[in-house]
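To start, the structure under review is shown below, and the notes come after it.
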There are 4 protein chains.
Amino acid sequence: MARQIDGKKKERIQDAAVVEIAHWGYYQTTVARIAKRAGVADGTIYLYFKNKEEILYSVFERAMGRFINEGRASLEKSTGAKEKLRNIVELHLTLVGEDRDQAIITQVELRHSLHFMDQLSRAQVGEYLEIIGKAVVQGQESGEFRADLDPVFAAKAIFGVLDEMATDWVLSRRNTRLESKTSAVFDFIWAGLRVC
Amino acid sequence: MARQIDGKKKERIQDAAVVEIAHWGYYQTTVARIAKRAGVADGTIYLYFKNKEEILYSVFERAMGRFINEGRASLEKSTGAKEKLRNIVELHLTLVGEDRDQAIITQVELRHSLHFMDQLSRAQVGEYLEIIGKAVVQGQESGEFRADLDPVFAAKAIFGVLDEMATDWVLSRRNTRLESKTSAVFDFIWAGLRVC
Amino acid sequence: MARQIDGKKKERIQDAAVVEIAHWGYYQTTVARIAKRAGVADGTIYLYFKNKEEILYSVFERAMGRFINEGRASLEKSTGAKEKLRNIVELHLTLVGEDRDQAIITQVELRHSLHFMDQLSRAQVGEYLEIIGKAVVQGQESGEFRADLDPVFAAKAIFGVLDEMATDWVLSRRNTRLESKTSAVFDFIWAGLRVC
Amino acid sequence: MARQIDGKKKERIQDAAVVEIAHWGYYQTTVARIAKRAGVADGTIYLYFKNKEEILYSVFERAMGRFINEGRASLEKSTGAKEKLRNIVELHLTLVGEDRDQAIITQVELRHSLHFMDQLSRAQVGEYLEIIGKAVVQGQESGEFRADLDPVFAAKAIFGVLDEMATDWVLSRRNTRLESKTSAVFDFIWAGLRVC
DNA sequence: TATGAATGAGAATTCATTCAT
DNA sequence: CATGAATGAATTCTCATTCAT
């Protein structure tokens, strides 16, 4: 049962960190403020995380984990490459759009952190790019997508479009739903991929 | 002539800041280290900049200024929309690829800073997006590009692709030339825009 | 029998403290580390000791107790003052040389602690000095030792020599046996005491 | 002139540290308290010392330096070995007796610190022991001192006596003058050394 | 008795900024 | 204009001690 409680407390700290970092940015966020929001003492943070950096790190991992896992699951559900790609686009925009604070971390703070802890983060982005790349390859093999496109390049281009939409949504604090862009985004990507 | 010398010193500080921030990130960069690299005293920095943030700010402005100015010039040179777009792609990748340190600022540090000084920076990105958007509109009016595309959306999508390529190049420390991606990038974008 | 077990646990904590403090010094030793080495929970420490200082305190007491008790016993065994003194020298060097960790506490950490808890510790050193002093007095009364020497001063001088040898042995991490110095030390002291 | 001022400020910090450490012990002394006593800001400390440990370190060096330098000078002044030794005894007790706070550092705090920074401190004690040892050797060569004594051992024994007197004086807060012990101490040592 | 998670006061250190020279 | 010593607020992290179980 202690385990249960621990798990809860660790998550509470992570949740608090997401809110604080989203609001203040990583460097302006103090451990004290995270602790206060999580409703624990400053020192308690250090029972669950080695240091401040580890908090950020774990928050990223948690978020990227969802993208990768749900991305994979989504691929298995659908069969056609076009459909798969549409699902990825929708999933990406939905997941980002679900939680603005988390999105700020992923779209804004993560970028910055890439700088000094790229090994992990970039590896995870790489994993995500691979998922997209696989869908592209499948589409090329089935003849749905043009074959003269490097799948690695295509994956990056697709990610770039998704990412800019997400960043734009995060920074323009409008109250639109990000998923509503799904069709337009998929349309643009699809135009770039289809055999014409 | 005093102005001349002053101007030089201000630029030296900015140049030093670019190198230091690219290497250490904004928050890990100390004013003292910038001063040392610029060959001036710590206090001298404050004769040219109100505070540390202003340095970062001015470095962004300088960089974005080049993108906007050269982007505009490029638009005027060419007449056809397709050609214009191709020039923008080439220009973007060339400018980013020219100076890796500066690129790190723009691609990595800028993102983070958008967070707390978005009003200006985003405005400048907006200005840049507008330049791209104008080329799209022209292409639609001339019938070169499909008309069923929101130009604002298209500009963002194009910027997203360019931006991901730039970020990828910055973070993967390979020694390739970024401009070499021009054709592939333009090809992808063009496929998404042309009347099919 | 519960007492028995408790007693064992208290001793285990003291033993662990000796090792840890000898290795890390008093201030660098954490209660948690002592607990871990003793194989008990952190909180358990406080069932046996009022606070961290008390642990150190009790470890000193235990060690000084042995010096005083064995010193006294030694005095009773031998009859002649010269012999008594020789026994004290040998005993001191043997006891110190028996356990390096304990010696580090006594020779190095004790000094530091004298500073803020001198009342007790110094009292115990005083007790030990008295034992030495009594041997001196006896020697003077029997005519074996010169009479023109203040016994209190002589005791301190003798203790000083013994102490420096012990400290030197502790700090120079050589593998010599400390007792091997007995003859040389006694010889020097004897020269200072005898009627010439 | 800046140099002059710096030198003064550094010394002021060292002096403040001596008083504070003597009163509170090294670990209970805070940098803030040293700064306050020295009349400088906390941060200023770090312009002159890399960290807290360096302060202690430099204070030791300064103190031991005096012992070594004045010890050497004293050796050169006198010619006979007996006289030299007497001078060392007097000098040692005088220097220690001059400044109780400084003496606390040397007699109490230094011991403790030997534990974790012995390389330097013990080296300096070693240098001091050598000075004593040389006087012993000279006395043996001239026939003043007995030849059957290991000079290294003799130096340690002498140092031990001096040291115990100093420690005893520091810890017993009586208002006696430490130099007044010179004759008694020298007498005891001399008895141990002379040809009998 | 025994546990060990939680606490929170406390300390070292950094660094943007100022200002006397 | 230029300097760089001095400042002191602010932040991370540690660890002795407590207390509910």
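All figures in this text were calculated on a predicted structure; none of them were measured in a lab. So you know, we letter chains A, B, ... as the sequences are listed, proteins then strands, and number each from 1.
The distance between atom CD1 of D/Ile45 and atom P of F/dA6, rounded to the nearest whole Å, is 11 Å. Atoms CD (C/Glu54) and C1' (F/dT17) sit 14 Å apart, rounded to a whole Å. Rounded to a whole Å, the CH2 atom of D/Trp24 is 14 Å from the C1' atom of E/dG10. If you measure from atom NZ of A/Lys36 to atom C1' of F/dT11, you get 16 Å, rounded to the nearest angstrom. For the pair D/Glu20 CD and E/dA11 P, the computed distance is 12 Å after rounding to whole Å. Rounded to an integer number of Å, the gap from A/Lys50 NZ to F/dC13 P is 10 Å. One interatomic measurement links the two molecules: OH of A/Tyr27 to C1' of F/dA10, which rounds to 16 Å at whole-angstrom precision. Atoms NZ (D/Lys8) and P (F/dA5) sit 17 Å apart, rounded to a whole Å.
Remark: A/Tyr46 is not in phosphate contact with E/dT7, judged by side-chain N or O atoms under 4.0 Å from OP1 or OP2. For C/Thr30 and F/dC15, the shortest distance from a side-chain N or O to OP1 or OP2 is not below 4.0 Å. The phosphate of F/dA6 has OP1 or OP2 within less than 4.0 Å of a side-chain N or O from D/Tyr48. When the side-chain nitrogen and oxygen atoms of B/Lys9 are compared with OP1 and OP2 of F/dA2, one or more of them lie within a distance under 4.0 Å.
For the residue pair A/Tyr26 and A/Glu53, no side-chain donor N or O sits within less than 3.5 Å of a side-chain acceptor on the partner.
Of the two residues contacting DNA chain F, namely B/Gly43 and C/Ala32, the nearest-nucleotide position lying further toward the 5' end is that of B/Gly43. Residue whose closest nucleotide on DNA chain F sits further toward the 5' end, between A/Asn51 and C/Thr29: A/Asn51. Residue C/Ala41 is the one, among A/Leu47 and C/Ala41, whose nearest nucleotide of DNA chain E lies closer to the 5' end (criterion: closest heavy atom). Both D/Asp42 and B/Lys52 lie close to DNA chain E; mapped to their nearest nucleotides by heavy-atom distance, the more 5′-ward contact belongs to D/Asp42.
By the 4.5 Å heavy-atom criterion applied to side chains, B/Asp101 and B/His23 are not counted as neighbours. With contacts defined as side-chain heavy-atom distances shorter than 4.5 Å, the pair A/Arg37/A/Asp15 does not qualify.
Here the side chain of D/Tyr48 pairs no donor or acceptor atom with the backbone of D/Glu11 at under 3.5 angstrom.
Nucleotide F/dC19 is matched to E/dG4 when pairs are restricted to Watson-Crick or G-U wobble geometry with both distances under 3.5 angstrom.
Distance check on atom P: F/dT21 versus E/dT1 gives 22 Å, rounded to whole Å.
Between C/Arg33 and C/Gln28 the shortest heavy-atom distance is NH2-O, 2.7 Å.
If you check E/dT17, E/dA2, F/dT17 against the side chain of C/Thr44, the one that comes closest is E/dA2.
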